[in-house]
Each structure stands twice: as structure tokens, then as C-alpha cells.
Amino acid sequence: MELHLATAASAPIVLLVSLVYEGVDRKLRARMQGRVGPPLLQPFYDLVKLFSKDRIIPFTAAYPLFNYAPLLSASCALAGGALVFVVLVTGLQLAGDLLLVFYLLSSSSLLAMVGGASSGNPYAAISLSRGLSVLLSYKLPMLLSVLTAAIKAGGTLSLASVIALQAEAGGGIATLSLGGALALLAFMLCMPAEGEVPPFDVTTAKTEVVHGFLIEYGGPHLALVKIAKGVSRFSTALLAASLFLYTPARPPLAAMLCLLEAMCIAVLTITVPGTVLGRVKPSQVVRFCLVAPTSIAILSLAISLLEAGGLA
Amino acid sequence: MKIGVMLRDALRRLLGRPLTIGYPLKPERPATPRGYRGMIAYDWETCIGCMLCLKVCPSGAVSVADRRKVTFDVGRCIFCGQCAEICPVGAVRLTSEFEMVAVDRSAYRVGPRW
Amino acid sequence: MGIVSGSRARSPWLFLLNASSCNGCVMEFLAALSPRYDVERLGCVLVGTPRQADVLVIVGPVMRKMLPMIVRTYEQVPEPKAVVAVGSCAVSGGPFVGSYAFEGPLDDVVPVDVYVAGCPPKPEAIIRGIYEAVARKFGRGPGGGDGD
Ligand code: SF4
Ligand code: SF4
Ligand code: SF4
């Protein structure tokens with residue numbers, strides 16, 4: 001019961017931080033392109049404006065799905081992010097929370113896509129088919145690298161024990177061993193796909209599929225999908241920071257440091273590639289994700305298994 | 001590699017000053033290039049009413065006004081400058097004023113003011 | 001100044017509707033998004049679908065083929081919305097008045113809030129037009145004091 005309350009209470013914090021990240025992202029991106037860019041509070045203005053706008057539901061849409069999928073998607077993403085945050089603050093041992101977070105974040109992306117595709121717009125359908133293949137191809141190496149961290153922590157699937165292990169060892173999983181470093185690398189290679197930025201933004205590319213599954217969403221629906229996307233990409237960065245990087249502090253303070261680390265990871269893997277790289281084809285995204293990060297992740301998994309076996 | 005070049009450029013831009021001009025938030029107005037053809041200035045007292053501008057105007061932006069004067073509709077003009085070129089007394093000029101924003105189309109009429 | 005109207009004025013998303021323009025105005029509009037003019041400073045984002053737009057920027061003369069599309073696009077922009085007619089063609093028809101396919105100036109078809117004359121107008125003029133439209137429709141100009 002306390003866990004539910006704590007998760008509900010930290011959801012606004014996660015939302016706030018991910019909006020701040022989005023502001024930083026847009027500002028940095030603009031500055032890297034030589035522009036002044038929007039004010040830091042721009043994502044907040046955007047959200048308030050979108051919530052205050054009219055709702056338009058196309059008559060081709062499957063109404064319940066189209067209407068409620070954004071809400072479900074946003075709640076899934078918020079729950080996933082808030083769960084990571086709660087564990088970071090309290091150090092609570094929850095068996096299998098790694099998989100739960102992973103599941104929540106994946107369903108968030110999936111729900112947004114399915115909701116958009118239920119509008120009946122052909123572009124949204126193209127985007128759904130692209131999105132599904134991309135989702136499958138980058139979630140696999142991501143999951144493998146999460147498993148590597150879990151194996152490092154002695155085979156538990158609880159985030160708190162991974163954090164406890166790092167605190168004990170006095171170093172992050174990524175800095176302690178080759179396997180951990182490779183796992184972080186694989187995870188970070190998948191981040192542009194998670195954040196839907198170039199080079200992997202084939203699902204929502206404006207100039208290719210006209211915003212993809214977002215094409216029929218506007219107003220409050222769009223605001224919810226934006227929340228879902230922003231929160232899930234920041235939560236993924238937060239997950240990476242808490243799994244692989246060492247935070248030299250006790251739990252409550254560690255959460256703050258971890259948020260900062262997540263911010264840095266997100267800037268490195270979402271903002272920078274999104275600015276300097278161009279978009280590739282959907283098939284190239286799938287091929288890249290299934291070759292580079294996946295082989296690195298499998299390698300790291302094998303190395304960790306060997307190391308774990310050697311230790312025993 | 002290309003990525004290296006892009007990264008270097010992005011970093012350089014990030015550390016340097018933005019290229020953006022302050023307009024319209026700052027009062028400074030960007031200079032127009034030389035020879036820019038903008039808002040029409042019509043000196044109706046000099047105009048002799050020969051109607052040459054009306055004849056050459058390719059978009060029909062010139063219309064006849066009272067007492068053998070003409071009226072220019074800037075909202076219809078394509079700023080080709082032919083009227084200014086043909087006017088025998090130099091009564092039409094295309095100024096460098098570019099901010100032709102209006103909420104009412106009647107604001108675009110440039111004609112004689114009696 | 002309410003928080004809602006303030007946010008509306010600070011995040012006017014643009015949708016560009018090309019009603020048979022010669023592309024001169026389109027180019028100048030895209031220049032307004034470039035680093036030198038950077039409308040994102042005012043919170044503007046170019047969106048690809050009218051459902052997400054707040055400001056409808058229409059360029060080009062209204063031709064018979066495009067007439068139903070213009071009306072439909074206008075109707076698909078959720079309220080509250082503003083319309084900016086950019087270029088002499090959109091303002092009055094420009095050189096196309098009298099063409100067999102010409103269907104009258106834009107304001108006969110949809111309500112226009114602000115006109116920007118020019119063929120094509122300079123990007124600065126387009127930005128000024130968007131600024132005026134937002135100020136008229138949403139109560140204040142975009143990108144107030146903290147737009148640095
Ligand atoms: S500048 Fe060209 S289009 Fe404009 S009034 Fe003169 S002749 Fe006509
Ligand atoms: S060409 Fe010059 S003088 Fe003749 S009507 Fe036009 S403005 Fe007047
Ligand atoms: S106003 Fe001029 S540039 Fe713009 S669409 Fe018309 S002819 Fe082209």
C-alpha cells in the first residue's frame with residue numbers, strides 16, 4: 001500500500017524532471033544548430049496549451065481505443081518512471097521490479113502507437129508497422145543489457161540490489177568490469193531509438209510519415225502522448241544511470257545524483273545524435289539494432305556469465 | 001568521418017554566439033539588401049495622370065482614382081518595380097519598408113489623399 | 001494574464017498550407033525557421049498535421065482544386081486558432097486574379113486574422129505577421145521577456 005502511495009507521489013516529480021530535460025534538450029539542440037532556441041519552460045507552455053485545446057476525434061477512429069490509449073500510455077510511462085524513482089529514494093527491495101519497469105515502459109510506447117493507428121489514418125498504420133519492428137529490434141538488446149546488470153548483482157531482478165551492489169563495490173557496474181561496460185554501450189546505442197530521435201526516428205518522422213501515429217492526435221490527446229514519450233525516454237535514461245553508474249551517496253541523496261546522471265546520459269544519447277545525425281531507413285534501423293547493440297549485449301552477457309562462474 | 005565533422009560543427013556552434021537576429025523581440029530592425037523592392041510610396045501631387053503605370057502593371061494592382069490619379073493595392077502588387085521604372089515624373093518609388101502586415105486589407109491601398 | 005492564455009501565446013504551433021503557391025512564399029516561410037530568424041525562439045514549431053496546429057499559415061492563391069482542401073484543413077485545426085495569409089497571392093490573388101481557376105481572395109473562403117503582403121514577403125515580415133496574429137488572437141505576443 002505504501003508503495004502505491006509513494007509511486008503516485010513521485011509520478012509528478014518524474015514528470016517535472018522529464019519536462020525539464022525536454023526543455024534542456026530543445027535549448028541545447030537549438031544552440032548546436034546556431035539558434036537561440038525556445039525558453040527552458042517551453043515544454044510546460046506546450047503542455048498547458050495542448051490541454052486547453054479542443055478535442056477532435058476523427059470519425060474513422062475506433063473511439064474508445066483512440067480516446068483512452070494516450071491516457072493509459074502516459075500512466076504506464078509515469079508508473080515505470082516513478083517506480084525507478086521510488087526504489088532510488090527508498091532503496092526498497094522489490095523482486096522483479098526491473099522487468100516490471102521494462103514492461104511498463106514498453107507498453108507505454110506500444111499503447112501510444114496502437115492508439116494512433118486506431119485513428120484509421122494510413123500514415124498512422126505505416127507508422128505502427130515501422131514502430132513495431134523498431135520496438136522489437138531495440139528492446140531486445142536493451143533487455144539483454146539489463147539482464148547483464150542483473151547477473152552482475154548475483155542473479156536478482158531487483159533494482160535495489162543492483163544499486164546496493166554498486167554501493168558496496170564503490171563503483172558502477174559499467175566501470176567495474178568489461179561486461180558491464182559493454183552492456184552500458186549496448187544500452188546507449190539503443191537510446192536514440194527509444195527517444196525517437198534521428199537517426200532512428202522512422203516512426204514519427206515528420207517529413208516521411210507526417211508525425212506517424214501522432215498524425216490524428218491534437219490537443220489533450222497529444223499532450224498525454226507527449227508526456228508518455230518524454231517520461232518514458234527519461235525513465236529509460238534513469239534506468240541506465242541507476243543500473244550501470246555508481247552514485248557516491250546514500251539513497252535519498254543518491255536519487256538526486258542519479259537524476260543528474262540520467263540527464264547527462266539522455267543529452268549524450270538523445271540530444272547529440274538527434275542534432276548531428278540524419279535519418280536512416282526503417283530496415284536499416286532494424287538491421288543496425290539487431291546487429292551492433294545486440295551482438296555487444298550478447299557478448300557482455302557471455303562475459304558476465306563467465307565472470308560470475310569464475311567467481312563462484 | 002562525416003559524423004566527426006558534424007560533431008565538431010555542433011560543438012563549435014554550441015560554444016559560439018547564436019546566429020539569430022533579435023527581431024522582432026528586440027527593437028533593432030534588420031537592414032534590407034540594396035535594391036530591395038518593398039512598400040510602394042506614391043507621390044500623388046507629382047503624378048500627372050498619364051496612366052502608364054496602370055498599363056504596365058502585370059498584376060493589375062493599379063486602379064484609376066478621382067481626378068486622374070491612381071491607387072496602388074499593395075496587397076495585390078508583386079513588387080516588380082515596373083511602375084516605378086516607367087513613371088515619367090518619378091511619382092512612384094518602391095521603398096525598403098518590408099513589414100507590410102495588416103489586419104484589414106484596406107490598409108494596403110496607397111492612393112491620393114485629398 | 002492567465003496561465004492558459006499565456007501558454008497559448010507562448011506556444012503557437014504553425015501549419016503551413018500551400019494553396020497553389022508558386023513556392024516563393026514557402027521558401028521564405030521555411031527561411032523563417034532557419035537559424036538566422038529562428039521562430040522557435042517564440043515557441044513556434046512547424047507541425048505536419050493541422051490537428052496539432054494553432055496558427056494556420058496559408059500561402060498562394062485560392063485555386064479551384066484546392067478550395068475544398070483549404071476549407072477542410074481550416075476546420076481540422078482545433079480551436080482556438082489563428083489564420084495568417086502570407087503573400088500577395090493569399091491576400092488578394094495577386095497576378096492570378098482573373099484566371100479561370102481563381103476562386104477569389106482567401107478571406108472569402110476562411111476568416112483571416114492577419115495579412116502579410118509581399119511577393120514573397122521577407123521572413124521578418126512573416127514572423128511579424130505570426131506575432132501580430134498571436135497577439136490579436138491569444139491576448140499577447142509570443143516569447144515575452146524570457147525569450148532571450
Ligand atoms: S510594382 Fe509591379 S505589380 Fe506592383 S504596382 Fe508596380 S507594376 Fe504593379
Ligand atoms: S506612371 Fe507615374 S505619373 Fe503616370 S499615372 Fe502612374 S504614377 Fe502617375
Ligand atoms: S505571393 Fe508571390 S511568391 Fe508568394 S505565392 Fe504568390 S507569386 Fe509566389
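Chain letters run A, B, ... following the sequence lines, proteins first, then strands; residues in each count from 1. Any value given below was found using the heavy atoms of this structure, including those in side chains, with hydrogens, waters and symmetry copies removed.
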Problem - Gln42(A) (side chain) donor-acceptor with Arg10(C) (main chain) under 3.5 angstrom - result: yes
When rounded to the nearest 0.5 Å, the distance separating CD1 of Ile56(A) from CZ of Arg51(C) is 5.5 Å
Using only atom types and a distance under 3.5 Å, with no angle test, would you say the side chain of Asp38(C) pairs donor to acceptor with the backbone of Gly37(A)?
yes
If you tally heavy-atom pairs under 4.5 Å between each of Cys44(C), Gly48(C), Ala53(C), Pro80(C) and chain A, the highest tally belongs to Gly48(C)
Residue from Asp54(C), Val47(C), Val4(C) scoring the most non-hydrogen pairs under 4.5 Å with chain A is Asp54(C)
Tell me if a side-chain donor or acceptor on Arg8(C) pairs with a main-chain N or O of Ser52(A) at a distance below 3.5 Å. yes
List the steps and the verdict of salt bridge (charged side-chain N to carboxylate O under 4.0 Å, His left out) for Lys53(A) and Glu79(C). CA-CA 6 Å; Lys53(A) 287 207 72 151; Glu79(C) 291 286 347; over 6 Å; no
Among residues 12-22 of chain C, those lying within the under-4.5 Å heavy-atom range of chain A are Trp13(C)
query: Does Gln52(C) use its side chain to pair, donor to acceptor, with the backbone of Leu214(A) at less than 3.5 Å?
result: yes
**Message:** Check whether Ser7(C) reaches the backbone of Val48(A) with its side chain - one donor and one acceptor, N or O, closer than 3.5 Å.
**Reply:** no
For Gly34(A) and Pro35(C) the tightest heavy-atom approach is O-CB, 4.0 Å
Turns out that what part of Leu222(A) lies under 4.5 Å from chain C's heavy atoms comes down to side chain
task = With the side chain counted from C-beta on, respond yes when Arg36(C) and Arg35(A) share a heavy-atom pair under 4.5 Å apart, and no when they do not.
result = no
Pair count under 4.5 Å, heavy atoms only, with chain C: among Asp46(A), Thr207(A), Leu50(A), highest is Asp46(A)
Atom pairs and distances, side-chain donor-acceptor, residues 113-127 of chain C, under 3.5 Å, sequence neighbours left out:
residue   : atom : partner   : partner atom : Å
Asp113(C) : OD1  : Lys137(C) : NZ           : 3.4
Asp113(C) : OD2  : Val83(C)  : N            : 2.9
Tyr115(C) : OH   : Asp107(C) : OD2          : 2.5

ring-ring contact (aromatic ring centres under 6.0 Å, His included) pairs touching residues 48-67 of chain A, sequence neighbours excluded, are Phe66(A)-Tyr217(A), Phe66(A)-His221(A)
Q) If you count the non-hydrogen atoms of other residues, nucleotides and ligands that lie under 6.0 Å from OH in Tyr123(A), is the total more than 12? A) no
Residues of residues 69-78 of chain C with a heavy atom under 4.5 Å from any heavy atom of chain A, in residue-number order, are Glu75(C), Gln76(C), Val77(C), Pro78(C)
So, the part of Arg55(A) with a heavy atom under 4.5 Å from chain C: the answer is neither
